[in-house]
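First the structure, in the form of structure tokens, and then the observations on it.
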Amino acid sequence: MKITRSGVFAMAAALAAFAGSVEAGRFPDFGFQPPTSQYSGPLFQLSQDYPQTLEKPAIPAFFELLPKPLSNDFEKWRAYADAAKAYCLEGNVETDWNVQNNRIRRWYHAPWQHYGPSGREGIHGLTKEAQIQSKQLAPTQTTTGQTYAVGVYNDIGGYTFGRVWQDAQNPDPSHTSDPHSFGNGTVVCKPLFADVDRSQVPFLANPVLWKGYITETFKSENRVVREVALIQMDFAVRDSRVPGTGWIFGTFQYNGARTGKPGWDNLVPVGVMWGNDPENNGDSYTNKQPTVTKINPGLKQTAINAKPELPPTHLGWNGRLNGPVDNPVSSCMSCHMTAESPQLSPMNPTFQANPPPVGSPAWMRWFQNEEAGHPFDPEALSTDYSLQLAAGIANFYDWKCQQGGVFVDGGNACQQGATKTTLKLMKTAAPPAKVFRIERDASLDELH
């Protein structure tokens, strides 16, 4: 097995931090520490002081702005989306997203994102997301790029993470599985940053820039400190009033022409969605290389911003909601509803050797409406639309079971000790034929 210099950084940081703090239930901050020759500033710290109790959670005020009835007209959602954005940004922009220093409300990170080749870097806690294909962002974008992101959960979501990871050696996703789920009022916010030639992407003018210790290219293992540009911000809200899924997802896209100067205010809404429109199986609005934004009026559970403030963007499959750096044959909810432990199915039908025909019943399995707390595969446990939770658990067991871990006393750690139901599929002598890792194979991310 080849161990790269970056891998040595990741292993050293992970083992040192985890070995010294596991009994306290604490987790490594990051896996890739930038060398002092490239960066001498403060390092990322994981916000992991998860609430131990949540007697009377403060439901976000923007809940009052939910349209009644739910509408595919985005203007009915604009006030809600604007308030959700403000909720995500308040106190975080001022602290450069050192969210534990937010004086307005506390936010928390998902543990075990430090592990593996795409793991957290040590400046802003960014994890590697996906490749940006040529012309995915604009007709003038002829080179490829890559995406990095960091997600945070409010106190209600942080409480659930604390429950799942209460025993740092035995994460328990039953806390996000029916009849349980993330608590009503959970809010997730995730800013995404692009490493791409900004001169080729008009809407990245006047950029908000962060430094990150990132790979030289998407397919490279070598890391360098480089500036990345804010391109997108996603949010998700657990709301039990929403039929079919119990979640609302929203996305914003950066548009530097909006104010003429760098700033988080340049994030303009792409839209919101609260379901996957399972009856809509057409493909005429799929738009992988956009010159315009193709809005599908036939979708009843997606609302897209039709105003010119939104630069041309590809959206998701057949016009469902997705951001500019997301997969144009998926959707926000389609991707996230596959979140489960263990991950028995890929996040998209195309992430297989032989994808089903577009729009077929097998394809539409990824575009159903799944209730909060219900797994994508009945043999798994749900992580309730949280891919970060699913990935963290998968990373932990890959380290503990496959790599040995520092606490293993001989043999495979997952074949020892208790036989909790939540670990059944991890420990069985005859596991499922395929357990898909959250981390995607680069070849399957190509836009066809």
Between atom NE2 of His180 and atom OG of Ser382, what is the distance when rounded to the nearest 0.5 Å? 12.0 Å
What do the steps show when you test Thr251 against Gln232 for side chain to side chain donor-acceptor pair (under 3.5 Å), and what is the final call? CA-CA 7 Å; Thr251 302; Gln232 179 176 325; 4.9 Å; no
So, using salt bridge (Lys or Arg N to Asp or Glu O under 4.0 Å) as the criterion, who are the partners of Asp234 when residues are at least two apart? none
Under the criterion salt bridge (Lys or Arg N to Asp or Glu O under 4.0 Å), I'd like the reasoning laid out for Arg365 against Asp377: C-alpha separation, chi angles, the key distance, then a yes or no. CA-CA 11 Å; Arg365 179 180 176 231; Asp377 294 279; 2.6 Å; yes
Keeping Asn255 on the side-chain end and Glu309 on the backbone end, is there a donor-acceptor pair under 3.5 Å? yes
Between CE on residue Met333 and CG on residue Asp277, distance to nearest 0.5 Å: 11.0 Å
Do Gln200 and Arg198 have side chains that get closer than 4.5 Å, going by heavy atoms? no
Run Asn276 and Asn369 through side chain to side chain donor-acceptor pair (under 3.5 Å) and show every step you take. CA-CA 6 Å; Asn276 268 311; Asn369 287 340; 4.5 Å; no
So, for Thr383 and Phe182, which heavy atoms are closest and what is the spacing to 0.1 Å? O-CE1, 3.7 Å
With sequence neighbours left out, what residues match Tyr108 under side chain to side chain donor-acceptor pair (under 3.5 Å)? none
Ignoring hydrogens and geometry, is there a side-chain-to-backbone donor-acceptor pair from Glu121 to Ile123 under 3.5 Å? yes
Side chain to side chain donor-acceptor pair (under 3.5 Å) involving Arg226 - partner list, sequence neighbours excluded: Asp195
Heavy-atom closest contact (Ala149 atom, Leu192 atom, distance): CB-CG, 3.7 Å
Over-ring placement of Lys190 relative to Phe235, 6.0 Å and 45° cut-offs: no
Which distance, rounded to the nearest 0.5 Å, do you find between the CG of Asn318 and the CZ of Phe367? 9.0 Å
Side chain to side chain, Asn154 and Tyr87, heavy atoms closer than 4.5 Å: yes
Which word best sums up how the rings of Trp210 and Trp97 line up, parallel for under 30°, tilted for 30 to 60°, or perpendicular for over 60°? perpendicular
Between Asn266 and Tyr254, is any side-chain donor less than 3.5 angstrom from a side-chain acceptor? yes
Relative to each other, are the rings of Phe396 and Trp165 parallel, tilted or perpendicular (30° and 60° limits)? perpendicular
Judged by modelled atom types alone, do Asn322 and Trp317 share a side-chain donor-acceptor pair under 3.5 Å? no
Please determine, by modelled atom types, if His124 and Asp96 share a side-chain donor-acceptor pair under 3.5 angstrom. yes
Taking atom types as modelled, find out whether Gln131 and Gln133 have a side-chain donor-acceptor pair closer than 3.5 angstrom. yes
Rounded to the nearest 0.5 Å, what separation is found between the CG atom of Asn280 and the CE atom of Met364? 7.0 Å
Step-by-step side-chain contact (heavy atoms from CB on, under 4.5 Å) determination, Thr302 to Asn72: CA-CA 6 Å; Thr302 285; Asn72 66 354; over 6 Å; no
Just by modelled atom types, is the Leu137 backbone N or O under 3.5 Å from a matching donor or acceptor in the Gln141 side chain? yes
Say whether, by atom type as modelled, one donor and one acceptor occur between the side chain of Lys85 and the main chain of Val268 under 3.5 angstrom. no
Under 3.5 Å, is there a donor on one side chain and an acceptor on the other for Thr95 and Asn98? no
Step by step, would you call Phe27 with Tyr115 a side-chain contact (heavy atoms from CB on, under 4.5 Å)? CA-CA 11 Å; Phe27 306 97; Tyr115 180 81; over 6 Å; no
Applying the ring-ring contact (aromatic ring centres under 6.0 Å, His included) test to Trp274, which of Trp247, Trp77, Phe249 qualifies? Trp77
Where the side chain of Gln343 meets the backbone of Ser345, is there a donor-acceptor pair that is under 3.5 Å apart? yes
Within 45° cone and under 6.0 Å: Arg223 NZ/CZ vs Phe32 ring: yes
Ser199 and Asp197: which non-hydrogen atoms are nearest, and at how many Å? OG-OD1, 2.6 Å
Side-chain H-bond candidate by donor/acceptor type, Gln146 with Thr215, under 3.5 Å: yes
Shortest non-hydrogen contact from Val164 to Ile393? CG1-CD1, 4.3 Å
State, to 0.1 Å, how close Ala130 and Phe218 come at their nearest heavy-atom pair, and which atoms those are. C-CE1, 3.3 Å
Between the SG atom in Cys88 and the CH2 atom in Trp107, the distance rounded to the nearest 0.5 Å is 5.0 Å
Evaluate the ring planes of Trp112 and Trp399, with Trp represented by its six-membered ring, and classify them as parallel (under 30°), tilted (30 to 60°) or perpendicular (over 60°). tilted
Answer yes or no: is there an ion pair linking Glu221 with Lys128, defined by an N-O contact shorter than 4.0 Å? no
Residue pair Ser71 / Asp73, side-chain donor-acceptor N/O under 3.5 Å: no
Between Tyr153, Phe44, Tyr50, Phe30, which is the residue that forms a ring-ring contact (aromatic ring centres under 6.0 Å, His included) with His109? Phe44
Decide side-chain contact (heavy atoms from CB on, under 4.5 Å) for Leu66 and Arg241; before the verdict, give the C-alpha distance in whole Å, the side-chain angles of both, and the deciding distance to 0.1 Å. CA-CA 9 Å; Leu66 183 74; Arg241 297 173 296 177; 3.6 Å; yes
With rounding to the nearest 0.5 angstrom, report the CD to CG distance, Gln113 to Asn395. 6.5 Å
Of the non-hydrogen atoms in Ile231 and Phe203, which two are nearest, and what is the gap between them? CG1-CE1, 3.8 Å
State, yes or no, whether a side-chain contact exists between Asp155 and Pro51 at a heavy-atom distance under 4.5 Å. yes
Verdict with reasoning, Glu90 to Arg106, per salt bridge (Lys or Arg N to Asp or Glu O under 4.0 Å): CA-CA 11 Å; Glu90 287 172 339; Arg106 289 296 301 270; over 6 Å; no
Please test Ser334 against Arg320 for side chain to side chain donor-acceptor pair (under 3.5 Å), starting from the C-alpha separation and ending with a verdict. CA-CA 9 Å; Ser334 171; Arg320 291 166 175 82; over 6 Å; no
With side-chain contact (heavy atoms from CB on, under 4.5 Å) as the criterion, how do Ser134 and Thr143 come out once you've worked through the C-alpha distance, each side chain's angles and the decisive distance to 0.1 Å? CA-CA 5 Å; Ser134 62; Thr143 57; over 6 Å; no
Do Val187 and Ile156 have side chains that get closer than 4.5 Å, going by heavy atoms? no
Please determine, by modelled atom types, if Ser386 and Asp384 share a side-chain donor-acceptor pair under 3.5 angstrom. no
Donor-acceptor check, side chain of Arg258 to backbone of Asp265, threshold 3.5 angstrom: yes or no? yes
Looking at the rings of Tyr148 and Phe193, which for Trp means the six-membered one, are their centres under 6.0 Å apart? no
More than 12 foreign heavy atoms under 6.0 Å from NZ of Lys294: is that the case here? yes
